[in-house]
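The figures here come from the full heavy-atom set of this structure, side chains too, leaving out hydrogens, waters and symmetry mates.
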Amino acid sequence: MLVALPGHFALLATLAGDPAGFAMGRVAAGEAEVLTLAVHPAARRCGLGVALMRGLMAESAGRGAAELFLEVSAANDAARALYAGLGAIVAGLRRRYYPDGSDALVLRLALSPCGATPGA
Ligand SMILES: CC(C)(COP(=O)(O)OP(=O)(O)OC[C@H]1O[C@@H](n2cnc3c(N)ncnc32)[C@H](O)[C@@H]1OP(=O)(O)O)[C@@H](O)C(=O)NCCC(=O)NCCS
């Protein structure tokens with residue numbers, strides 16, 4: 001099981017008591033990575049995605065990470081808007097990374113010891 005691996009962790013978001021979204025991350029050598037983030041289609045635009053990301057950021061900072069990296073499809077407008085709102089910056093590009101041929105943007109979020117992006 002992935003979350004049983006060293007440095008890996010998962011967060012669950014609920015809405016009215018029901019599971020509505022989850023996120024997984026890992027921390028190694030002072031860097032964190034978002035492995036996955038998803039919110040049930042019926043629960044989107046309720047703030048769960050940003051809450052899960054803030055939880056990942058806080059958990060990563062608490063585990064000693066100074067930066068958090070993630071990959072997002074250049075075609076994923078919803079996720080890109082979410083990450084931009086948190087202060088993520090583009091740190092790299094992986095061309096035709098996804099099966100649909102879209103590019104992956106590598107994003108970076110700087111973490112403060114309390115989990116927030118400095119200045120965001
Ligand atoms: C991306 C995803 C996690 C967002 O979850 P969510 O709970 O709907 O996001 P939030 O409600 O927290 O939205 C936070 C902000 O992100 C942006 N955003 C979210 N969905 C958006 C959309 N469909 N279009 C434009 N902006 C969007 C907005 O800025 C939003 O703030 P606002 O509602 O005040 O305008 C969700 O759409 C999802 O699960 N998508 C499929 C899986 C996926 O793409 N995961 C990310 C892989 S990198």
Side-chain angles (χ1 to χ4, degrees):
M1 200 165 111
L2 198 55
V3 288
L5 294 173
H8 290 63
F9 55 93
L11 301 174
L12 177 70
T14 60
L15 199 60
D18 294 321
F22 75 104
M24 294 178 63
R26 71 173 162 216
V27 172
E31 284 186 4
E33 183 183 357
V34 178
L35 299 178
T36 191
L37 168 71
V39 172
H40 190 284
R44 289 180 186 166
R45 298 309 286 267
C46 297
L48 295 182
V50 76
L52 284 164
M53 274 302 298
R54 289 195 184 283
L56 280 181
M57 293 163 72
E59 182 68 23
S60 298
R63 290 171 180 247
E67 303 176 299
L68 183 149
F69 292 88
L70 60 94
E71 281 156 0
V72 62
S73 167
N76 190 342
D77 292 335
R80 287 183 64 184
L82 190 163
Y83 300 138
L86 288 168
I89 60 166
V90 178
L93 174 70
R94 293 181 176 150
R95 293 199 185 280
R96 302 187 64 77
Y97 182 79
Y98 292 103
D100 68 358
S102 65
D103 296 337
L105 302 174
V106 180
L107 303 186
R108 173 185 172 275
L109 278 156
L111 303 176
S112 80
C114 54
T117 297

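Closest of all the heavy-atom pairs between S112 and A61 is O-CB, 3.3 Å. Looking at every heavy atom in both residues, V3 comes nearest to M24 through CG1-CE, 3.8 Å. Across all non-hydrogen atoms, the minimal contact from R108 to A91 is CB-CB, 4.0 Å. Of all the heavy atoms in A43 and L15, the pair that sits closest is CB-CD2, 3.8 Å. Scanning all heavy atoms of the two residues, the minimum distance from A88 to L109 falls at N-CD2, 3.5 Å. Between G21 and L12, the shortest heavy-atom distance links the atoms O-CD1, 3.4 Å.
When hydrophobic clusters are built by joining Ile, Leu, Val, Met, Phe, Trp and Tyr residues whose side-chain heavy atoms come closer than 4.5 Å, directly or via intermediates, V34 is not grouped with V106. By the criterion of side-chain heavy atoms lying less than 4.5 angstrom apart, applied directly or through intervening Ile, Leu, Val, Met, Phe, Trp or Tyr residues, L52 is grouped together with L82 in one hydrophobic cluster.
The distance from atom CZ of R26 to atom CG of L5, rounded to the nearest 0.5 Å, is 9.0 Å. F9 contributes atom CZ, which lies 5.5 Å from atom CG of L56 (distance to the nearest 0.5 angstrom). Atom CG of L111 is separated from atom CD of E31 by 10.5 Å, given to the nearest 0.5 angstrom. Once rounded to the nearest 0.5 Å, the distance linking CE of M53 with CG of L11 reads 10.5 Å.
Residues H40 and D18 form no side-chain contact, since every pair of their non-hydrogen atoms from C-beta on lies 4.5 Å or further apart. Here the side chains of Y97 and S73 are not in contact, with every heavy-atom distance at 4.5 Å or above. Looking only at side-chain heavy atoms (C-beta outward), L35 and E33 come within less than 4.5 Å of each other. Here the side chains of V39 and R45 are not in contact, with every heavy-atom distance at 4.5 Å or above. Between L107 and V90 the shortest side-chain heavy-atom distance falls below 4.5 Å.
Checked against Y83 for a side-chain contact (heavy atoms from CB on, under 4.5 Å), the options V50, I89, L37, L105 give a single hit: L37.
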Determine, step by step, whether D103 and R96 satisfy the side-chain contact (heavy atoms from CB on, under 4.5 Å) criterion, reporting the C-alpha distance in whole Å, the side-chain angles of both residues, the deciding distance to 0.1 Å, and the verdict.
CA-CA 4 Å; D103 296 337; R96 302 187 64 77; 4.2 Å; yes
